[in-house]
Novice: 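This is the structure I have questions about; it appears just below.
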Amino acid sequence: MVSIAWLRDDLRTADNPALLAAAHEGSAVALYVLDGESPGIRPLGSAAKWWLHHALVSLRQDLEALGIPLVLMQGAAAGTVAEFVRETGAEHIFWNRRYGGPEREVDTAVKEWAAEKSVHAESFQASLLHEPWTVRTGGGGPYRVFTPFWRTVSAMDFRAPLEAPEKTSPPKSVPAGENLADWHLLPANPDWSAGLAEAWTPGEAAGLSALEDFLAGPVQDYDDGRDRPAKPGTSRLSPYLRWGHVSPFQVWHALARVRGKGPGPDVFGTEIGWREFCWHQLFHNPDLATQNLRPAFDGFPWVYPEGAGQTPPVLRSVKTEQSPSESRPDDLDPLDAWKAGLTGIPLVDAGQRQLWHMGWMHNRVRMVTASFLIKNLGIHWRVGEEWFWETLVDADPASNPANWQWVAGSGADAAPFFRIFNPATQAKRFDPDSAYISRWVPDALTPAYPEPLVDLKESRRHALDAYESIR
Ligand code: FAD
C-alpha cells in the first residue's frame with residue numbers, strides 16, 4: 001500500500017510528522033508540487049528558485065537513503081495532487097500545515113476531495129511552534145503586540161523533535177514525475193548565482209550544521225553580536241527555516257542545551273518568537289503583503305514607481321560582480337539606484353550589494369535600507385518588499401511583508417513612523433571600523449563613488465511632513 005507525504009515548506013527528513021506518518025503506513029512516496037497556478041499563490045522570486053532547485057537535489061538524496069522516492073510535479077496543486085493519488089492508488093496522504101490564505105484554500109480543497117474519495121488525508125503542525133488560531137488575546141482576537149504574544153506562546157510546551165523515518169523498501173512502481181532541470185529554476189544567460197553558491201549550501205545537513213556551529217559559539221554573544229553586520233554574529237538560519245530544512249522545534253530544543261549561560265540564547269529565542277509573530281500576522285491578515293495593517297496609512301503619499309520586483313538594467317549588465325558599478329549613471333532613477341547599491345549612502349549601498357551578491361542581508365542593515373527607501377526616498381514599502389521577495393533566499397510570505405510594514409510604521413507593533421534610521425549614525429554605531437562597508441562598498445572612498453542621492457536631513461523632514469498629513 002502506497003502512502004504519500006506531500007512536502008512543501010518542510011524539505012527535511014527529520015522532525016517531519018507528515019513523512020513519518022507516511023512511512024508508518026506502508027511504502028512511502030514523497031511528492032513535491034511546483035504550483036504557480038493556484039489562485040493567489042505568490043510565484044517564487046529568482047533567488048528562492050535557485051535555492052529550491054538545490055534543496056530538491058539534496059532532499060532527493062536524503063530520501064533515497066531512506067528508501068523513499070521523491071516525485072516532482074508541476075501545476076495547480078489541488079488537481080495535481082488528486083491526479084497523483086489516483087495514479088499511485090494511494091490510500092493515505094499526509095502533509096504539514098501551511099498558514100498563508102491561498103495555500104490553506106488549496107489544502108482544504110485537497111482534504112475535501114480526499115474525503116469524497118475515501119482517501120485518508122491528515123495534516124500536522126511542523127513549521128510553527130504555535131498554531132495561529134489557538135493563541136488569542138483576552139479580548140478573543142489575534143495578537144497585534146509582540147511582547148504579550150510571545151509571553152503566551154513561549155510559555156507553551158513545545159513537543160520534542162521527531163526522528164527521521166527508518167529505512168524501508170521503496171514501492172515497486174512509482175510514476176516518474178517531472179525532471180527538475182525542466183523547471184528551469186536556475187538562472188541562465190546570465191547565470192548570476194555564483195555569489196549565492198559561494199555563500200550557501202541548501203539542504204537539511206547544511207542547515208543542521210549551521211545550527212550546531214551557531215550554538216557552539218556565536219549564540220553566547222548574540223545579544224550584542226546580532227547588531228554587528230561585519231561579524232558572523234547571527235545564525236544565518238533564515239533560509240533553512242524558510243524552506244523547512246530545519247524546524248523551529250529542532251532549533252528550540254537545541255537552544256535549551258545552551259540556555260542559562262548569559263543573555264545571548266534568550267535573546268535568540270525571542271527572534272524565533274518574531275518569526276512566529278510574523279506568521280501569526282499573516283494567518284490573521286492574508287493580505288499582509290499588499291494591505292497596510294493600519295488603514296490610516298492608506299492615505300500616505302508614498303510614491304509607487306513601476307517595476308517593483310524587476311531587475312534594473314544597471315544590475316543586469318554586471319551579472320555576477322560584487323560591485324555593480326563604480327559610478328551612478330545620470331539617468332538612474334532613485335529606485336534602481338537603491339536596488340543597485342548606488343545611492344551614495346555607504347551603509348545602504350553595502351546592504352543592497354550584499355543582498356544582490358549573496359541573496360541575504362544582515363537584519364540591522366535590512367532595517368536601515370528599508371527605512372531609507374520608505375522614508376528618505378518616499379517610496380511605498382510594497383516596492384521594497386517586492387524587491388526583497390525577488391532577491392532574498394529566505395524570502396518568506398510572512399516575515400518579509402511583516403517586517404516591511406514594521407519599518408514603515410503601518411504594521412503590527414511597528415516602529416513609529418517618526419523613528420527614521422539615520423544610516424550614517426547607524427554605521428558609526430554598528431560598523432565603527434567600517435569593516436562591513438569596506439567589504440561591500442570598496443569604492444566608498446574613491447572619487448567615483450556617487451554623491452548621496454538625497455540629503456538625509458531634508459528628506460527626513462519631508463517624510464515627517466508627509467506623516468503629519470495622515471495623522
Ligand atoms: P538570526 O538573528 O540568527 O535569527 C534567527 C532566526 O529568527 C532567523 O533565521 C529568523 O527565522 C528569525 N528572525 C530573526 N529576526 C526576525 C524578524 N525580525 N522577523 C521574523 N523572523 C526573524 N526574515 C526572513 O526569514 N524572511 C524574510 O523575507 C525577511 N524579510 C525581512 C525584511 C525586512 C525589511 C527586515 C527588516 C527583516 C526581514 N527578515 C526576514 C527578518 C530578519 O532580517 C532575518 O530573519 C534575519 O536577518 C535572518 O538572519 P539570521 O538567520 O542570521 O537571523
Side-chain angles (χ1 to χ4, degrees), residues 9 42 44-45 47-48 51 127-129 146 149-150 199-200 207 210-211 213-215 217-219 221-229 231-248 250-252 254-255 264-282 288-289 338 348 351-352 354-355 358-375 379 381-415 419 421 426:
D9 297 328
R42 198 171 177 182
L44 293 173
W51 188 285
S127 306
L128 289 181
L129 295 169
F146 175 72
F149 163 81
W150 187 233
W200 302 103
L211 174 61
D213 290 350
F214 176 67
L215 295 182
V219 71
D221 300 322
Y222 179 79
D223 46 316
D224 180 64
R226 73 188 174 128
D227 273 325
R228 312 266 161 204
K231 279 192 180 175
T234 68
S235 68
R236 300 209 174 174
L237 278 172
S238 51
Y240 298 104
L241 281 162
R242 154 65 183 90
W243 296 98
H245 299 311
V246 173
S247 86
Q250 291 172 312
V251 175
W252 190 260
L255 189 60
D266 290 334
V267 176
F268 180 73
T270 307
E271 295 308 315
I272 299 299
W274 274 99
R275 176 177 176 273
E276 298 282 319
F277 186 51
C278 293
W279 281 101
H280 189 78
Q281 289 174 53
L282 181 69
L288 190 65
W338 175 79
V348 172
Q352 294 301 123
Q354 179 177 33
L355 172 62
M358 64 182 280
W360 183 89
M361 193 197 300
H362 188 277
N363 179 59
R364 166 74 31 198
V365 192
R366 290 188 202 202
M367 293 192 285
V368 171
T369 69
S371 168
F372 180 78
L373 183 80
I374 299 167
K375 297 177 182 175
I379 292 178
W381 61 262
R382 284 183 58 191
V383 175
E385 196 273 346
E386 286 180 40
W387 180 244
F388 272 30
W389 180 261
E390 168 67 10
T391 50
L392 279 172
V393 288
D394 65 23
D396 105 27
S399 300
N400 198 36
N403 276 286
W404 275 94
Q405 293 224 39
W406 183 88
V407 177
S410 62
D413 205 0
R419 208 176 124 204
F421 286 92
Q426 292 280 313

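When a ligand or atom number is given, it counts from 1 through the structure's own listing order. Note that the coordinates shown come from a computational prediction; the quantities given were computed from them, not determined experimentally.
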Novice: Show your reasoning for whether side chain to side chain contact (heavy atoms under 4.5 Å, CB included) applies to R364 and F421.
Specialist: CA-CA 10 Å; R364 166 74 31 198; F421 286 92; 3.7 Å; yes

Novice: Give the atom numbers and elements of ligand 1 that come within less than 4.0 Å of a heavy atom of R275.
Specialist: 11 (O), 20 (C), 21 (N)

Novice: Under 4.0 Å from a heavy atom of L237: which atoms of ligand 1 are those, numbered in the order shown and with their elements?
Specialist: 9 (O), 51 (O)

Novice: Rounded to the nearest 0.5 Å, what separation is found between the OG1 atom of T369 and the CD atom of Q426?
Specialist: 11.5 Å

Novice: Short question: side chain of Q405, backbone of L288 - any donor-acceptor pair under 3.5 Å?
Specialist: yes

Novice: What protein heavy atom sits nearest atom 32 (C) of ligand 1, and how far away is it?
Specialist: N400 OD1, 3.5 Å

Novice: Does only the side chain of E271 get under 4.0 Å from ligand 1, or the backbone, or both, or neither? Count heavy atoms.
Specialist: both

Novice: How close does the nearest protein non-hydrogen atom get to atom 5 (C) of ligand 1, and which residue and atom is it?
Specialist: F268 CE1, 3.3 Å

Novice: Starting at CH2 of W381, measure out to OG of S371 and round the result to the nearest 0.5 Å.
Specialist: 15.5 Å

Novice: Using the ring-ring contact (aromatic ring centres under 6.0 Å, His included) rule, pick out the option among F214, W51, W360 that qualifies with Y240.
Specialist: W51

Novice: Relative to ligand 1, is F388 under 4.0 angstrom through side chain, backbone, both or neither, heavy atoms considered?
Specialist: side chain

Novice: How close does the nearest protein non-hydrogen atom get to atom 24 (C) of ligand 1, and which residue and atom is it?
Specialist: S399 CB, 3.6 Å

Novice: In Å, rounded to the nearest 0.5 Å, how long is the span from CZ of R226 to CZ of F268?
Specialist: 11.5 Å

Novice: Please report the C-alpha distance between L241 and I272 in whole Å, then the side-chain angles of each, then the deciding distance to 0.1 Å, and finally whether the side chain to side chain contact (heavy atoms under 4.5 Å, CB included) criterion is met.
Specialist: CA-CA 10 Å; L241 281 162; I272 299 299; 4.3 Å; yes

Novice: Looking only at protein heavy atoms, identify the closest one to atom 42 (C) of ligand 1 and say how far it is in Å.
Specialist: N363 OD1, 3.3 Å

Novice: Which of the atoms in ligand 1, numbered in the order shown and given with their element, are less than 4.0 Å from a heavy-atom of L241?
Specialist: 9 (O), 11 (O)

Novice: Can you list the atoms of ligand 1 that are under 4.0 Å from a heavy atom of M367?
Specialist: 36 (C)

Novice: Can you report which non-hydrogen protein atom sits closest to atom 45 (O) of ligand 1, along with the distance?
Specialist: S238 CB, 4.0 Å

Novice: Of the listed options (V368, V251, V219, N403), which comes nearest to atom 35 (C) of ligand 1 when hydrogens are ignored and any heavy atom counts?
Specialist: N403

Novice: Within this structure, what is the CG-NZ distance for the pair D221 and K231, rounded to the nearest 0.5 Å?
Specialist: 6.5 Å

Novice: Using 30° and 60° as the class boundaries, would you call the ring planes of W274 and F277 parallel, tilted or perpendicular?
Specialist: perpendicular

Novice: Go through ligand 1 atom by atom and flag the ones less than 4.0 Å from a non-hydrogen atom of A395.
Specialist: 28 (O)

Novice: Quick check against the 3.5 Å criterion: does D9 have a side-chain atom that pairs as donor or acceptor with the backbone of G244?
Specialist: no

Novice: Ignoring hydrogens, just give me the one of S235, C278, P232, S371 whose non-hydrogen atom is nearest atom 53 (O) of ligand 1.
Specialist: S235

Novice: Taking heavy atoms and a distance under 4.0 Å, where does W406 meet ligand 1: side chain, backbone, both or neither?
Specialist: neither

Novice: When you look for heavy atoms under 4.0 Å from ligand 1, do you find them on the side chain of F277, its backbone, both, or neither?
Specialist: neither

Novice: Would you please determine whether R226 falls within less than 4.0 Å of ligand 1 on a heavy-atom basis?
Specialist: no

Novice: Which value, rounded to the nearest 0.5 Å, describes the distance between L392 atom CG and S238 atom OG?
Specialist: 8.0 Å

Novice: Between ligand 1 and W360, can you find any atom pair, the residue atom being a heavy atom, that is separated by under 4.0 Å?
Specialist: yes

Novice: Backbone or side chain, does any N or O of H362 fall under 3.5 Å from an N or O of ligand 1?
Specialist: no

Novice: For P265, give me all partners under side chain to side chain contact (heavy atoms under 4.5 Å, CB included), at least two apart in sequence or on another chain.
Specialist: V219, Q220, L255, V258, R259

Novice: By number and element, which atoms of ligand 1 are closer than 4.0 Å to a non-hydrogen atom of I272?
Specialist: 6 (C), 7 (O)

Novice: So, taking the atom named CG in D227 and the one named CE in M367, what distance separates them when rounded to the nearest 0.5 Å?
Specialist: 6.5 Å

Novice: How does W389 reach ligand 1, by side chain, by backbone, by both or by neither, if only non-hydrogen atoms under 4.0 Å count?
Specialist: neither

Novice: Among protein heavy atoms, which lies nearest atom 29 (C) of ligand 1, and at what distance?
Specialist: R366 NH1, 3.3 Å

Novice: What protein heavy atom sits nearest atom 34 (C) of ligand 1, and how far off is it?
Specialist: W404 NE1, 3.5 Å

Novice: What is the nearest protein non-hydrogen atom to atom 50 (P) of ligand 1, stated with its residue, atom name and distance?
Specialist: R236 N, 3.5 Å

Novice: Using the test side chain to side chain contact (heavy atoms under 4.5 Å, CB included), find all partners of A415 that sit at least two apart in sequence or belong to another chain.
Specialist: W406, R419

Novice: Going by heavy atoms in the side chains, are P397 and R42 under 4.5 Å from each other?
Specialist: no

Novice: My understanding is that we take every heavy atom of each candidate and find the minimum distance to atom 27 (C) of ligand 1. Doing that for D394, T234, V407, which one comes out nearest?
Specialist: D394

